[in-house]
Protein chains: 4
Amino acid sequence: MLHWTSAEDLNQYLLALFDHPYGDVIALKHHHATMKMRTDHRHIRPGNTVSGPTLMGLADVAFYAALLGAIGPAPLAVTTNLSINFMRKADAGSAIIADAKLFKLGKRLAVGEVLLRNEDQQELIAHVTTTYAIPPNR
Amino acid sequence: MLHWTSAEDLNQYLLALFDHPYGDVIALKHHHATMKMRTDHRHIRPGNTVSGPTLMGLADVAFYAALLGAIGPAPLAVTTNLSINFMRKADAGSAIIADAKLFKLGKRLAVGEVLLRNEDQQELIAHVTTTYAIPPNR
Amino acid sequence: MLHWTSAEDLNQYLLALFDHPYGDVIALKHHHATMKMRTDHRHIRPGNTVSGPTLMGLADVAFYAALLGAIGPAPLAVTTNLSINFMRKADAGSAIIADAKLFKLGKRLAVGEVLLRNEDQQELIAHVTTTYAIPPNR
Amino acid sequence: MLHWTSAEDLNQYLLALFDHPYGDVIALKHHHATMKMRTDHRHIRPGNTVSGPTLMGLADVAFYAALLGAIGPAPLAVTTNLSINFMRKADAGSAIIADAKLFKLGKRLAVGEVLLRNEDQQELIAHVTTTYAIPPNR
């Protein structure tokens, strides 16, 4: 089965799957993917902060990227749970970095987390835990 | 302090606050708000289903509406946690209904749930629990 | 396949399975179970309140009871996620009632909620959402 | 204000507060605490695995320890949310290690995570995210 080994190849797959995949995969490692998103006016809330749904969407795709990196193409894998704690305002003036990691890759469920930060910032904007259901015959 | 008593007035407030508030408040009761959203191509995923971030965004605004209905204007109230369980595909062909309810309205935190369904369907698309932080001097 | 139709029969099964199943099933309906727990000194925290782990344990068993009522014996079904929002102190002087409901009963996952209250109180002590994984050949 | 600097001192405080604080603090660093728990028959489920409520209770206390290490005595700080993903069976034959970390320490809320493992195992048993409310005048 195909497993992506480069962030570039995985980006091509995500671009074919989604109209707007919330940014680019910039790093792909074992059970780990990093995405970078440049926000624009569609993602901004009053106060020049990035909207919650944008952050949730980015986290969801980043975790999907980490999963695809681990198991290869899985168009029918779906999010079953996503839980996000918002901790600091996201600065819309700099890119958002999403670090996704698999905690567990089972036959039927993948569980992990996504850390969301502004580029060049250490402090977390938000922390996400999420679970994907993996179809039996993907 | 102003408390909204009509869905129409609350809609005006939300429209002034957000560019695209994910639909309209169609019912407003004590600690309870119902929103209705007609989805379009921007919210659709392959398979003619509504995207997860769209559902999360709608749930977030619906709970905010229930909170505003209870405490009046609170532009600085922010989501601190949102946890969503996705259960069935959302049919993009019919409107999405979001029923938001406050479980607890404290001085500093509001906690509640949002049930997401397709219009005229009983089965849940998704269930959300969420917490908002209420600023001390709103 | 055996499906329990009475709370009494289901209690016998839970008692055989667990040393201390956190109380008794007092009602069993379609995709719904209610448990009642009388707390004692082992469950109490300073302030005469019921401990968080006790409430989480009760919620977990109540949801398991609702699941068993729906699918029959499933000793290998396991909790995969449990998320609890604590809202008010539990009064250790009266019994705790846990109302568990299935939102979705799939082949592989069951998702639902548990409402925790003191007996004869309307206000929620805590709200739980939880997911169980159902083994393929139970 | 008193801030604990040693795991031993913090253990004394926890022992005075709780009858059975789910093990000992074995390390205390900036915004970080590690607890170790030896389980016994009270914590075991069929299959020689550690019960879910035991793991939730240990995680809750470990995060409380990390919070106390950061802010000093806060007997009235309370858990508002705890979300746990169970990933692998806990082996009751070896101690459970809980690594708790603060993501955010605000004036009113502390948010963080707890990683649960068997001693000398790398793989996670469970992952917890949790939020504590910090009283205004502690």
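Per chain, numbering begins at 1; letters A, B, ... match sequence-line order.
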Check your understanding: Nearest 0.5 Å, what's the CG-CD1 distance between Leu58(A) and Ile96(A)?
Key ->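 Answer rounded to 0.5 Å: 7.5 Å.
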Exercise for review: Please round to the nearest 0.5 Å and tell me the distance separating atom CG of Leu102(D) and atom CD1 of Ile71(D).
Suggested key: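 Here the interatomic distance stands at 9.0 Å.
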Point to revise | Minimum heavy-atom distance Leu28(A)-Gly69(A), with the two atoms named | key: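 Nearest heavy atoms, Leu28(A) then Gly69(A): CD1-CA, 4.2 Å.
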[X] vs [Y] side-chain heavy atoms within contact, under 4.5 Å:
X: Leu124(D); Y: Val111(A); result: no
X: Phe63(A); Y: Leu82(A); result: no
X: Leu105(D); Y: Ile134(D); result: yes

Check every N and O of chain A against chain D and note each donor-acceptor pair under 3.5 Å, with its distance.
{"residue": "Met87(A)", "atom": "O", "partner": "Lys104(D)", "partner atom": "NZ", "Å": "3.1"}
{"residue": "Lys104(A)", "atom": "NZ", "partner": "Met87(D)", "partner atom": "O", "Å": "3.1"}

